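Report on the following structure.
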Amino acid sequence: MSTLYDFALRMGDSTLILGHRVSEWCGHAPVLEEDIALANTALDLIGQTQLWLGLAAEEEGTGKTADDLAFLRDAWDFRNALLCELPNGDFGRTLMRQYLFDQWHLLMLQALQGSSEKRVSDIADKAVKEVSYHVERSRDTVIGLGDGTPESHKRMQDALEYLYPYVGELFTPDAVDEAATQEGIAPDLASLRASYDAAVADTMAEATLTLPDSRFGHKGGRTGKMHTEHLGHILTQMQWLQRAYPGASW
Amino acid sequence: MSTLYDFALRMGDSTLILGHRVSEWCGHAPVLEEDIALANTALDLIGQTQLWLGLAAEEEGTGKTADDLAFLRDAWDFRNALLCELPNGDFGRTLMRQYLFDQWHLLMLQALQGSSEKRVSDIADKAVKEVSYHVERSRDTVIGLGDGTPESHKRMQDALEYLYPYVGELFTPDAVDEAATQEGIAPDLASLRASYDAAVADTMAEATLTLPDSRFGHKGGRTGKMHTEHLGHILTQMQWLQRAYPGASW
Amino acid sequence: SPEEAAFQDRIDQDIKIEPKDWMPAGYRKTLIRQIGQHAHSEIVGQLPEGNWITRAPTLERKAILLAKVQDEAGHGLYLYAAAETLGVSRDELTEQLLDGRMKYSSIFNYPTLNWADMGAVGWLVDGAAIMNQVPLQRTSYGPYSRAMIRICKEESFHQRQGYDIMMKMAQGTAAQKAMAQDALNRLWYPSLMMFGPSDADSVHSAQSMSWKIKMDSNDELRQKFVDQTVPQAEYLGLTVPDENLKWNEEKGGYDFSQPDWEEFFDVLRGNGPCNVDRMEKRNKAWDEGAWVRDGLMAHAAKRAALKTAAE
Amino acid sequence: SPEEAAFQDRIDQDIKIEPKDWMPAGYRKTLIRQIGQHAHSEIVGQLPEGNWITRAPTLERKAILLAKVQDEAGHGLYLYAAAETLGVSRDELTEQLLDGRMKYSSIFNYPTLNWADMGAVGWLVDGAAIMNQVPLQRTSYGPYSRAMIRICKEESFHQRQGYDIMMKMAQGTAAQKAMAQDALNRLWYPSLMMFGPSDADSVHSAQSMSWKIKMDSNDELRQKFVDQTVPQAEYLGLTVPDENLKWNEEKGGYDFSQPDWEEFFDVLRGNGPCNVDRMEKRNKAWDEGAWVRDGLMAHAAKRAALKTAAE
């Protein structure tokens, strides 16, 4: 398959799986405004998924659709970052996960606006507006809860420590990423890290939270080599109808 | 389909779904002995499921197997009692559900030992030994926790109040049950109630728990007319592999 | 009293009552109850549809469903805001919902059991809701009337989307068609219940109608709903689960069976299939969210204090 | 000391040490650590397999898996009992597991990602465990030796069941075969790690061997495991993920690549794919179970008091 296919799949699987996770909150958020905001975030991510997986399907060129890719692959064929598949945990963990992803997502999309591949830069142009809003919101919430009560502070610090080891994967290029960089499709992942670190450091400082020292990073999601046990459980729900009633039109 | 088919399906679906629920505890029980006991209960229930659904499949006579019935029907075709599909909740709710079911199950199986249908009485002969042990154990635990600390007492009382409205269904015959009674396959469900009430009253007295006044009973599981929303979620997990890889041999 | 007379006079002239206007205590109380219940219904109503968001069969359907549930939360927000103009806070109303003092629409105590329910909820439940709500756009209380105008627009969009799902299902495979019929079977009578018991048995109707809080009789609206819905079901090739359903040329509408009102009152008493689960979920969300609300408030207070200090 | 000499003498004569016998503090301490870690491994080892119990593809497979996990909990029970004879309670050991002072086998920090993992865990992980445990049936400490005899019997049964799953998968559809290969790819090196680092790098080995707490060298056992397993993989038609794997006629065994020992130590430090999740789950089970343990204890105390009063 082409580099563009691999790249689009990685983007689309991340937005798909994170969008799914966020959608699990529906009707259970701590405040009505958060219910709305979470649904809105999930909605944007699913919309972006349609574009990315649509591009991957087009590039694959075997007549498959974005839905086929979303609903008919098993866990080992998914290429989302591990961060996206981690369980929601409490609201703090969900928002911290969101912020850590959003901040990367924004930088990535901004860089992709300059992609040599027009179909990629078009998606980035559309998505970057949504994601600017996501990061604004998740950042505010991380700060509000980090610098809130002692309890909320502790929960956010715990969330940060739990999630931070999954950040490294977002900046660790493999052969596919290097090819994408060479072909001008995507930026060098590692080159985004400095801006990311600066932004996150700034946010955490305002949130009175301490970034973990360790740079240890789990990996295996974006290559598909080793997902967590959680992904398989997501798929049992997400793909249920398509698996149980193959070929039906919905 | 025959009365025997319908009857075997109701028995088998209840043991299947309850067995599945209990198996969800695996590795998460409060004490090691309970992990073992819960796994053992689940194991017995799955074993009984093989017999009941095997009988139903045989009776259906279209070459289907017990596995086909377990893994390839959707929610509305299931005939388990609603009690069996309710979520585990805390350990107290799980054990209370188990006791309320076990006590019925034992009386039912004892009556079924006298079934006019030999295949039914054979299953009952085998299962009654296992279930005598189940009820002994779940009864002891309900008593121990009901008559334990104030917290354990409260949790068990809450569990009883949550679950009791699902007991009535076990004793409410419909046309299928009446046919089964007439054909001598199964006892009159309503006739089991007095012994059940006596046994439960005795257990709850020892457990210092108060039976709810209301005889209101949810129904719809054994007829398939209205399951809870929980059943569909059980199936997404339980049937995943069979749905995703149809026709494979495991 | 002269105030009451002047108040009724304004209502009769179709002049809207606004928050700062004088109003009878009963009017305020009835409105709070009605708007509050409506708001709660939007909130609890997220749950039966939320139940299928993680299982939506296509990306498009998932997006549509998410947008719909988001709209419902938004409706809750407008309605709580309208209630707040009457002097009751959202938190007070929420507490009354959570401890059972206030109700929400009984329909949400029924489960969603297959994907076609996502269609049937839009088609039947939103359909019945709109039937109730359209007249309320002309209700006498200004903020309520304006909220209803906004809500009705979105609801009719939802209804069309629901009908679209039903169409796909009814025209789909045998299994899909069976799901559609099953959904209609389960949701038909609960939808008829949404208009409330027959007016003969309804307590507050007369006063509410003269206050223009209630605009039409329950039975009229129910008839209108049946007359609108039956042809739609026929178009889908589905059978309304009512043996007595028959066109009555004379009255220019359908004759139909009443729902089981005993079941209705049983559900109101808390014995519906999902009452306990719905309230357990809402209470859990509220209790587990306490630290979030506290945290965000504490932060806002710190910010405000900083700002004050800087001035 | 003369006691130490007598103790070593008994060991050298293959006379079992029993709980009431004198033993050196180091012997006791090492045994507690080793038996405790083994017990913890059985407990934590329930989780990766428990992950698939609710997704087992047939009733038969579900029953087999349940029975297996039940056996593992049983092994935990024997082993904690053996450790208790050395003067440490199960609760103390559990607390040390939960707060990270004690370890469990690193292999359980790898995820189970497809159904073939249920085969591969039985075949490779239980296979490696048995290779470690068979010699321990002859270990010097009586209760430990007896526990190992019982456990080994069940483990070899599990291993056969695991191989049977692998066979089904390897002979199944293309997708099933791919799952089997994927499972082997992920679990091969972690299984080799189960024998511990090369003896050259192993700290306590010499003393443990003279005490007969450790019976064979890590490298010997690893070689034996590879020699046994490679032909089994070939029989399944699967490829061991090692380019350097080659039969060495001279040594009468396979040459093979070492696992990534850096990864091994990283996993020990807590950075394996599942360390955090495994411990989070065990802690949650323990914490949420506190009221149950307290309740049952309180009840037992009441019973005992009643009985005393009656006497």
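Residue numbering restarts at 1 for every chain, and letters A, B, ... go by the order of the sequence lines. Not measured: the values here are computed from a predicted model.
- With a threshold of 4.5 angstrom between heavy atoms, C:Leu47 approaches chain A through side-chain atoms but not through N, CA, C or O.
- Between C:Arg150 and C:Glu154 there is no salt bridge, since none of the side-chain N atoms of the basic residue sits less than 4.0 Å from a carboxylate O of the acidic one.
- Within 6.0 Å of the OH atom in A:Tyr133, the count of heavy atoms belonging to other residues, nucleotides or ligands does not exceed 12.
- C:Gln159 is listed as a side-chain neighbour of C:Trp123, based on a closest heavy-atom distance under 4.5 Å.
- Contact tally against chain A (heavy-atom pairs below 4.5 Å) for C:Val69, C:Asp294, C:Leu77: the top residue is C:Leu77.
- For C:Met179, the part lying under 4.5 angstrom from a heavy atom of chain A is the side chain only.
- To the nearest 0.5 Å, the span separating CG on A:Asp202 from CE on A:Met204 amounts to 10.0 Å.
- For A:Asp35, the part sitting under 4.5 Å from any heavy atom of chain C is the side chain, from C-beta outward, and nothing else.
- Both the backbone and the side chain of C:Arg55 come within less than 4.5 Å of a heavy atom in chain A.
- Heavy atoms closer than 4.5 Å to chain A are found in the side chain of C:Thr173, but not in its backbone.
- Neither the backbone nor the side chain of C:Ala300 comes within less than 4.5 Å of any heavy atom of chain A.
- Residue A:Ile143 touches chain C through both its backbone and its side chain, counting heavy-atom pairs closer than 4.5 Å.
- C:Asp182 has a carboxylate O that lies under 4.0 Å from a charged side-chain N of C:Arg186, or vice versa, which qualifies the two as a salt bridge.
- Using a 4.5 Å cut-off between heavy atoms, C:Ala175 contacts chain A through its side chain alone, with no backbone atom that close.
- Salt bridge C:Lys168/C:Asp164: absent, no basic N to carboxylate O contact under 4.0 Å.
- The shortest distance between side-chain heavy atoms of C:Pro143 and C:Arg146 falls below 4.5 Å.
- Contact of A:Gln242 with chain C is made through the side chain alone, with heavy-atom distances under 4.5 Å.
- With respect to A:Arg21 and A:Glu24, a salt bridge is recorded, a charged nitrogen being found less than 4.0 Å from a carboxylate O.
- The choice from C:Glu288, C:Lys302, C:Arg293 that makes the most heavy-atom pairs within less than 4.5 Å of chain A is C:Lys302.
- Only the backbone of A:Ala29 comes within contact range of chain C, judged by heavy atoms closer than 4.5 Å.
- With a threshold of 4.5 angstrom between heavy atoms, A:Ala70 approaches chain C through side-chain atoms but not through N, CA, C or O.
- Checked for salt-bridge contact, A:Glu34 and A:Arg137 meet the test: a charged N lies under 4.0 Å from a carboxylate O.
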